[in-house]
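Working notes, structure below.
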Amino acid sequence: MEQTPSLMGAHEIRVRLGAVSRQRTFELTRRADFLAPVADLAQGKIWKTVDVELWMSTHGRG
């Protein structure tokens, strides 16, 4: 059975970064070296959690 990937939006990224401001989260997710979202929903963009955590481990917390 295939497992559904864990996803996160801007709020979850913000929490993982240590409760940075919404503006800072927006700036980070718009950087050229940040991941492309897997979807752009009405509520906002979403990313795979594993990809975001990998990005954070290689780029630091922003």
Side-chain angles (χ1 to χ4, degrees):
M1 185 171 169
E2 189 174 321
Q3 187 174 3
T4 304
S6 178
L7 302 172
M8 61 189 335
H11 176 75
E12 290 81 14
I13 293 173
R14 183 176 172 225
V15 169
R16 292 273 172 94
L17 290 171
V20 298
S21 69
R22 286 183 292 173
Q23 180 64 32
R24 181 65 181 142
T25 304
F26 177 76
E27 291 169 356
L28 287 172
T29 58
R30 302 253 316 157
R31 284 174 44 160
D33 66 340
F34 198 77
L35 313 158
V38 294
D40 192 353
L41 308 174
Q43 293 294 318
K45 297 175 182 175
I46 56 173
W47 295 264
K48 288 183 183 177
T49 299
V50 66
D51 293 342
V52 172
E53 290 175 347
L54 180 61
W55 186 90
M56 282 191 231
S57 72
T58 59
H59 291 85
R61 299 240 176 228

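Numbers here are sequence positions counted from 1.
Heavy-atom minimum distance, W47 versus I13: CE3-CD1, 3.4 Å. Between R14 and R22 the shortest heavy-atom distance is NE-N, 3.7 Å. Closest heavy-atom contact between D33 and W55: O-NE1, 2.8 Å.
In this structure, V52 is not a member of the same hydrophobic cluster as L7, with clusters built from ILVMFWY side-chain heavy atoms closer than 4.5 Å.
E12 has its side chain out of reach of T49: every pair of non-hydrogen atoms, C-beta onward, lies at least 4.5 Å apart. Counting only heavy atoms from C-beta outward, the side chains of I46 and M8 never approach each other to under 4.5 Å.
One distance of note links NZ of K45 with CG of L35; it measures 12.0 Å at 0.5 Å rounding. Atom OG1 of residue T58 and atom CD of residue E53 lie 12.0 Å apart, to the nearest 0.5 angstrom. Note: D51 CG to M56 CE = 11.0 Å, rounded to the nearest 0.5 Å.
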